[in-house]
Chemist: 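Handing you a structure now.
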Amino acid sequence: MNPEEILAQVAREVAVCTRCPLHHSRKKAVPGEGPASAEIMFIGEAPGFYENEQGRPFVGAAGQFLDELLQRAGLKREEVWIGNVIKCRPPGNRDPLPEELEACNEYLERQIAAINPKIIVTLGRFSMAKFLPGAKISAIHGQMRRVGNRFVIAMYHPAAALHQASLKATVIEDFTRLPQLLQQARAELMRLTLPPSPAPTPDEHEEPKQLSLF
Ligand code: URA
């Protein structure tokens, strides 16, 4: 299966998933969306009210703010992948439970493997904890960290930022720096995949010959 087919297959499985009790209360599962060729994956927490209605990620108030943040970063929604660590809405938007995170984890792993993004941007603490366990968002937000063969940037969740003016300014500033970080990630990954430069030949080591004056 090619990456597009893998994403479509995961979405089909997520739509009818019964791995955890959240399937009893969901209206629509939210597998996530975006092209298999995306260089950046934005990974949030879990669907909320509107996402559960529509089966699409980040379409409520937090989603509108995320759209604005993407625009500030010079990114089009259609060129990035957007999804969540949990694919079904927890009742009343409560925090995901460990067993729900565990049940859903394999879907996200397959999505990440299919897309192989240069950067994963985590939105919120549950997503951050998956990629940067033990990290504190106040200490590392907006910074790019290498994790294996890609980079992870933890951002404040847009919903949290909507409710706290100081966080809003911070998350806007962090997103504004994304293009620069993407360039850095591209250059660094290119360097890592290039074969090491060959050892210099003996000639290249030699001192330039002295010209005889006589
Ligand atoms: N919040 C999230 O974390 N994900 C969504 O899809 C919507 C709101």
Side-chain angles (χ1 to χ4, degrees), residues 7 10-15 17 19-20 22-23 25-35 38 40-73 75-112 115 117 119-133 135 137-138 140-142 152-164 167-168 170-172 174-175 178:
L7 291 183
V10 172
R12 279 192 295 273
E13 291 175 35
V14 165
C17 177
R19 287 185 191 177
C20 85
L22 289 181
H23 75 276
S25 53
R26 79 167 171 237
K27 224 172 201 177
K28 283 190 178 164
V30 182
E33 62 189 28
I40 309 185
M41 290 178 84
F42 290 85
I43 304 180
E45 189 169 309
F49 177 85
Y50 292 101
E51 291 78 19
N52 180 51
E53 294 290 316
Q54 297 182 33
R56 296 187 57 212
F58 283 93
V59 289
Q64 278 173 26
F65 185 40
L66 179 60
D67 287 347
E68 183 194 322
L69 291 168
L70 291 175
Q71 217 173 9
R72 285 180 186 265
L75 295 167
K76 294 194 184 77
R77 193 174 164 120
E78 316 82 74
E79 69 184 341
V80 300
W81 190 89
I82 302 175
N84 290 298
V85 286
I86 292 279
K87 314 297 193 196
C88 295
R89 183 192 184 204
N93 297 349
R94 64 155 168 73
D95 286 348
L97 300 174
E99 53 270 32
E100 293 160 357
L101 289 160
E102 173 62 30
C104 242
N105 186 51
E106 193 248 353
Y107 295 129
L108 183 57
E109 290 293 341
R110 285 160 66 198
Q111 291 170 318
I112 295 169
I115 295 170
I119 295 180
I120 289 175
V121 174
T122 68
L123 304 170
R125 63 199 161 103
F126 289 96
S127 176
M128 179 181 72
K130 172 172 168 61
F131 301 98
L132 301 166
I137 187 70
S138 56
I140 66 150
H141 67 87
V152 174
I153 305 170
M155 299 285 199
Y156 282 108
H157 195 288
L162 269 184
H163 298 119
Q164 218 177 305
L167 286 191
K168 190 171 179 183
T170 304
V171 83
I172 287 174
D174 287 346
F175 266 77
L178 254 183

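For ligands, and for the atoms within them, numbers begin at 1 and follow the listed sequence. Fair warning: this is a prediction, and the values are worked out from it, not measured in the lab.
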Chemist: Under 4.0 Å from a heavy atom of E45: give me the atoms of ligand 1 that qualify, with their elements.
Modeler: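 Those qualifying, in numeric order: 2 (C), 3 (O).
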Chemist: Can you say whether the rings of F42 and F175 are parallel (under 30°), tilted (30 to 60°) or perpendicular (over 60°)?
Modeler: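 If you compare the ring of F42 with that of F175, the planes turn out parallel.
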Chemist: Check each of F49, F58, Y50 against atom 8 (C) of ligand 1 and report the one with the nearest heavy atom.
Modeler: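 Considering heavy atoms of F49, F58, Y50, the nearest to atom 8 (C) of ligand 1 sits in F58.
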Chemist: Quick check on G124 - does any of its heavy atoms sit under 4.0 Å from an atom of ligand 1?
Modeler: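 No heavy atom of G124 comes that close to ligand 1.
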Chemist: Starting from atom 2 (C) of ligand 1, find the nearest protein heavy-atom neighbour and note its residue, name and distance.
Modeler: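 Checking every protein heavy atom, the shortest distance to atom 2 (C) of ligand 1 gives A46 O, 3.1 Å.
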Chemist: Scan E13, K87, R19 and name whichever one has a side chain to side chain donor-acceptor pair (under 3.5 Å) with Y107.
Modeler: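 When E13, K87, R19 are each tested with Y107, the side chain to side chain donor-acceptor pair (under 3.5 Å) holds only for R19.
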Chemist: For ligand 1, which atoms sit closer than 4.0 Å to a heavy atom of P57?
Modeler: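 Numbered from 1, ligand 1 contributes 6 (O).
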Chemist: With a heavy-atom distance limit of 4.0 Å, tell me whether A159 approaches ligand 1 through its side chain, its backbone, both, or neither.
Modeler: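 Answer for A159: neither.
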Chemist: For H157, take its heavy atoms, then give the atoms of ligand 1 lying under 4.0 Å from any of them.
Modeler: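 It comes down to these atoms of ligand 1: 1 (N), 2 (C), 3 (O).
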Chemist: Check the pair E109, K130 against side-chain contact (heavy atoms from CB on, under 4.5 Å), reporting the backbone distance first and the verdict last.
Modeler: CA-CA 11 Å; E109 290 293 341; K130 172 172 168 61; 2.4 Å; yes
Chemist: Starting from atom 4 (N) of ligand 1, which protein heavy atom do you reach first, and at what distance in Å?
Modeler: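 Among all protein heavy atoms, the one nearest atom 4 (N) of ligand 1 is N84 OD1, 2.7 Å.
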Chemist: Return yes if some donor-acceptor pair links the side-chain N/O of E79 with the main-chain N/O of K76 below 3.5 Å, else return no.
Modeler: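 Yes, E79 side chain to K76 backbone: donor-acceptor pair under 3.5 Å.
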Chemist: Does this structure show an ion pair linking E51 with R89, if we count only N-O contacts that are shorter than 4.0 Å?
Modeler: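 Not counted as a salt bridge, because no side-chain N and carboxylate O are separated by less than 4.0 Å.
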Chemist: Do any N or O atoms from the side chain of N84 and from the backbone of E45 form a donor-acceptor pair under 3.5 angstrom?
Modeler: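 Such a contact is found between N84 side chain and E45 backbone.
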